[in-house]
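Have a look at the structure below, then the notes.
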Amino acid sequence: MAAFAELERLNPAQREAVLHTGGPLLILAGAGSGKTRVITAKIAYLIREHGVDPRSILAVTFTNKAAAEMRARSSAMEPAAADVMIRTFHSFGAWLLRRNAAAAGLDRGYSIYDDDDVVSLLRTIYRDEHRGTLGGYARLISRAKDYGLRPGDDLSAISSDPELAGIYGSYQRRLDEIGNVDFGDLILKPVELLRSDEAIRRRTRQRYRFVLVDEYQDSNVAQYELLKQLCDETTYLCVVGDDDQSIYRFRGAEVRNILTFSESFPRTTIIKLEQNYRSTGPILELASSVVRHNLGRLGKTLWTDRAGGQEPTVALLRDQDEEVDYCLDLITREPGETAILYRTNAQSRLFEQALIRAGIPYRIVGSLRFYEREEIKDALAVLKLCANPRDEVSFRRIVNKPARGIGTKSLETVADLLSGCAGDLLEATEAAAAELSRKAGASALAFVSIMRRARQSLGRGKLSEFTESLVRELGLWELHAEGRDPIVAGSKVENLEEFVNAASLYPATGEGLAEFLELVELDRSREADETLDAEVTLITMHNTKGLEFDRVIVTGLEEGLFPRGGDEDPDEVEEERRLFYVAVTRARDALYLTSCSYRRLHGRVMELVPSRFLNEIPAELVHEATTGHRRLTGGVTDEYPVGSAVYHDDYGMGVVASSRHNGTDLVVQVRFETGRVATFLPRYTPLEKVSGDDW
DNA sequence: GTCAGAAGGTTTTTT
DNA sequence: ACCTTCTGAC
């Protein structure tokens, strides 16, 4: 057996994680601790040293980018790793459903509805509701699915709205009739399939003897349930994650999954990776000093053997204009790779304007919404209707675009005939043609015939040509090419060309079509190409996960902006604190934190107090740069130390969760034994300090 | 069907 | 402030 050289390059904890066998393994991998390296080495090691069949390994990630990186790096170590099943949770779900379509009650040509499509489908059911209202229900339905809940389940944890169950039920019934799935179904349906079909469950468990999960802290309840179905006592399950980096709660991520992993999976071994290879000591100390204030964490402390490093700087500025100047000054005075991080996308504008004015190239991450553009959604709808003639959402989008006289009344006629045609919209439209006016009937038949001909032509040629000629035949190409504004029209045509080009790798077959649609729906990350070599990156903190930069500027550290929201929901504040932790641990060498006294928000100037996160950093860990407007108010107070016990007459015993000055008052947040969390101003509310011996 | 003006609402967003 | 969505008039 060939020696596995990669082992030599690992630190002891990393090596232990790679070599571990037996029961479930939880790898708590701090930021920059070489997590991907461990997981890919583990895959390579299993194959090479244990002779494991690569096809019996399933590695699950959350993003396509992470999956691609894992595939590349494990294959570089061990070529046979190319046969490992490395996919995102959703793509694995889609694969499983496609493979077991009949058992899952689906047609193999099913397609996937994105969030917009979900709202459109709700709209076909509730014609008179406002889009905004339906958007709200779409979010609730999606959240319910994140928690593995179906319409009949107790939805009170999602919303107290009594309408939700009914709307969710109608939505799901209609979605199932159409035969498509939404993102939530890509997890939930596989769970249900594995639960109910013993043969498929056994077969799947027999195939995947090794299951590895990356970024486990971002998993939701439904994904946890999928893991439970995939694994039995003989499956080797290894999850890697960092509870301190769980920042997608609003999307249903459940940090408790990782906090309670060892209870859910008995005999779990926990290995902590705490050596950081990215940042300087002072940056790590700052990061730890803040995230330490979170109560709900497993606890680990990053360290580095990198010597030295400059002290992070806190810049207290007057307003956002000064903030922009401050950042640009840093960049021009000392060029180098720099990322400007912000909490909300709206903050990027001023930076962008200033960078353009200064002639500094930059790249902005995450604002490209290619697949949400009108012309692309139109082309997608055409393909989706081809793949599934029951797809009402796609049908409605394109049947009268460009206008061909098929209006509301015609569509009602079609809808009435739908059930007699097994939901097939082309058949129903054809049948409806006879009942319509001459003109509407004729164009309805023309539309049906184009779509039918296209469907029959599947089986030969390239999908790119298929797509282009169909979009042209339907008149959509021309519609977009001849819009009022020639510049807009030009870019629409370019986008359509790019879309068509993306399809060129696929054959024009039913299978190729389904595969292409799946790729498009599940992988919308598209690099904003062009200025990839720019030294300056503008990016939301959420988007920085997994990235690193020489110099990082975290902007907008103000109460109300970051953390956003007030003290109402302590879990929310803890999530924001984790986001802060993610943000600052992106920095390799230099870290700057900026906070403004005034900020224009929603059109008015607000006076803001520095973020509590700044007050949580011990003064000796930062260099304070001010422009004379303000100093950090209060600072860390030791009057109610975090973690100390207090007693309240009504709530009983509790532990101090946070304590800070908001400028005028001391604000103390307490988590009580009952689980309740409340915020007090000790100036008004008596809070008795209790010494450790008393309880 | 289109367009201007009003009204409304505003985090983050892997899939 | 700004952007999307709704509305009513043509």
Side-chain angles (χ1 to χ4, degrees), chain A residues 60-69 87-94 112-119 123 128-136 139 142-143 145-146 181-188 214-220 222-223 245-253 320 341-350 365-369 371-372 374 400-408 479 483-484 518-526 539-547 556 560-565 569 572 575-576 578-580 582-583 599-606:
Chain A
V60 191
T61 65
F62 280 85
T63 67
N64 292 287
K65 198 174 153 199
E69 189 186 354
R87 284 181 180 251
T88 65
F89 262 111
H90 289 87
S91 139
F92 175 71
I112 300 163
Y113 276 166
D114 68 14
D115 295 350
D116 271 355
D117 299 330
V118 168
V119 178
R123 253 185 142 173
D128 301 329
E129 271 319 319
H130 282 218
R131 209 182 158 76
T133 314
L134 294 178
R139 266 194 303 282
S142 156
R143 192 62 5 89
K145 292 189 175 190
D146 288 339
V181 301
D182 57 21
F183 284 126
D185 281 350
L186 287 176
I187 309 299
L188 220 35
D214 193 16
E215 305 277 16
Y216 187 66
Q217 78 282 350
D218 289 333
S219 60
N220 61 34
Q223 286 158 341
Q245 292 189 67
S246 173
I247 55 173
Y248 283 105
R249 195 171 83 104
F250 65 96
R251 293 285 253 111
Q320 54 212 321
L341 275 50
Y342 36 79
R343 179 65 179 79
T344 67
N345 280 307
Q347 290 166 258
S348 71
R349 274 195 37 174
L350 282 182
V365 178
S367 59
L368 200 75
R369 294 264 183 272
Y371 292 106
E372 283 163 33
E374 184 194 4
N400 196 34
K401 192 172 184 179
R404 43 170 78 86
I406 303 175
T408 322
L479 175 77
R484 252 150 239 271
E518 188 173 307
L519 175 95
V520 164
E521 290 295 344
L522 296 185
D523 187 4
R524 300 196 154 188
S525 62
R526 297 163 44 86
I539 189 168
T540 63
M541 298 186 216
H542 281 90
N543 269 326
T544 61
K545 192 142 63 125
L547 303 178
L561 184 64
F562 187 40
R564 145 164 284 280
D569 186 351
E572 194 71 28
E575 171 120 333
E576 300 268 318
R578 293 191 289 267
L579 185 57
F580 177 84
V582 169
R599 185 176 287 276
R600 286 186 298 276
L601 283 173
H602 311 318
R604 58 178 59 183
V605 176
M606 307 275 284

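Remember, predicted model here, so these are calculated numbers, not experimental data. Residue numbers start from 1 in every chain, and the chains themselves are labelled A, B, ... in the order their sequence lines are given, proteins ahead of strands.
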Worksheet item: Do Glu572(A) and Arg249(A) sit within salt-bridge range, that is, some charged N less than 4.0 Å from a carboxylate O?
Response: yes
Response to the item:
Looking only at dC6(C), dT11(B), dT13(B), the nucleotide nearest the Phe250(A) side chain is dT13(B)
Fill in: Distance in angstrom units between Leu186(A) CG and dT15(B) P, rounded
12 Å
Practice prompt. To the nearest Å, give me how far apart CZ (Arg578(A)) and P (dT13(B)) are.
Written response: 17 Å
Practice prompt. Taking only the side-chain nitrogens and oxygens of Asn543(A), find out if one of them lies under 4.0 Å from OP1 or OP2 of dT12(B).
Written response: no
Worksheet item: When the distance from CG of Leu601(A) to P of dG9(B) is rounded to whole Å, what number comes out?
Response: 18 Å
Worksheet entry | hbond_proxy Arg251(A) side chain to dT15(B) base (donor-acceptor, 3.5 Å cutoff) | yes
Worksheet entry | Pairwise 5' ranking along DNA chain B for Lys545(A) and Arg139(A), keeping only the more 5' one | Arg139(A)
Discussion item. As a test of reading the structure: which of dG1(B), dT13(B), dT12(B) is closest to the side chain of Thr344(A), going by heavy atoms?
Written reply: dT12(B)
Fill in: Nearest-angstrom distance, P atom, dT12(B) to dT5(C)
15 Å
Worksheet item: Do any side-chain nitrogens or oxygens of Thr540(A) fall under 4.0 Å of OP1 or OP2 in dT13(B)?
Response: yes
Response to the item:
Among dT10(B), dC3(C), dT13(B), the one nearest any side-chain atom of His602(A) is dT10(B)
Worksheet item: So, Arg343(A) and Glu576(A), do they make that salt bridge, N to O below 4.0 Å?
Response: yes
Discussion item. Need one value for Asp114(A): base, sugar-phosphate or nothing, where a base atom within 4.0 Å counts as base even if backbone is also close, heavy atoms only.
Written reply: nothing
Fill in: Touch class at under 4.0 angstrom, heavy-atom based, for Arg600(A) against every strand present
nothing
Fill in: Side chain of Arg123(A) (C-beta onward), nearest among dC6(C), dT15(B), dT13(B)
dC6(C)
Worksheet item: Between Arg251(A) and Asp146(A), what is the shortest heavy-atom contact and its length?
Response: O-OD2, 2.7 Å
Worksheet entry | Protein-nucleotide distance (Glu215(A), atom CD; dT15(B), atom P), rounded to Å | 12 Å
Practice prompt. Starting at atom CG of Leu561(A), determine the distance to atom P of dT12(B), rounded to an integer number of angstrom.
Written response: 10 Å
Worksheet item: In whole angstroms, how far is the P atom of dT14(B) from the CG atom of Asp214(A)?
Response: 16 Å
Fill in: Whole-Å distance separating the NE2 atom of His90(A) from the C1' atom of dT13(B)
12 Å
Discussion item. Both Asn400(A) and Glu576(A) contact DNA chain B. Taking the nearest nucleotide for each, which residue is further toward the 5' end?
Written reply: Asn400(A)
Worksheet item: Are any of Arg404(A)'s side-chain N or O atoms less than 4.0 Å away from OP1 or OP2 of dG1(B)?
Response: no
Practice prompt. Describe, in one word, how the ring planes of Phe250(A) and His542(A) are oriented to each other, choosing from parallel (under 30°), tilted (30 to 60°) and perpendicular (over 60°).
Written response: perpendicular
Fill in: Whole-Å gap separating C1' (dC2(C)) and CZ (Arg604(A))
15 Å
Worksheet item: The side chain of Asn345(A) lies closest to which of these nucleotides: dA1(C), dT13(B), dT14(B)?
Response: dT13(B)
Worksheet item: Any idea which of dT11(B), dT15(B), dC3(C) is nearest the Leu522(A) side chain?
Response: dT15(B)
Worksheet entry | Under 4.0 angstrom between Arg343(A) side-chain N/O and dT11(B) OP1 or OP2 | no
Worksheet, complete the sentence: Rounded to the nearest 0.5 Å, the CG atom of Leu134(A) sits from the CZ atom of Arg139(A) at a distance of 11.0 Å
Worksheet item: So which of Glu215(A), Lys545(A), Arg578(A) actually passes side chain to side chain contact (heavy atoms under 4.5 Å, CB included) with Gln245(A)?
Response: Lys545(A)
Worksheet entry | Listed nucleotide nearest any side-chain atom of His130(A), set dC6(C), dT10(B), dT13(B) | dC6(C)
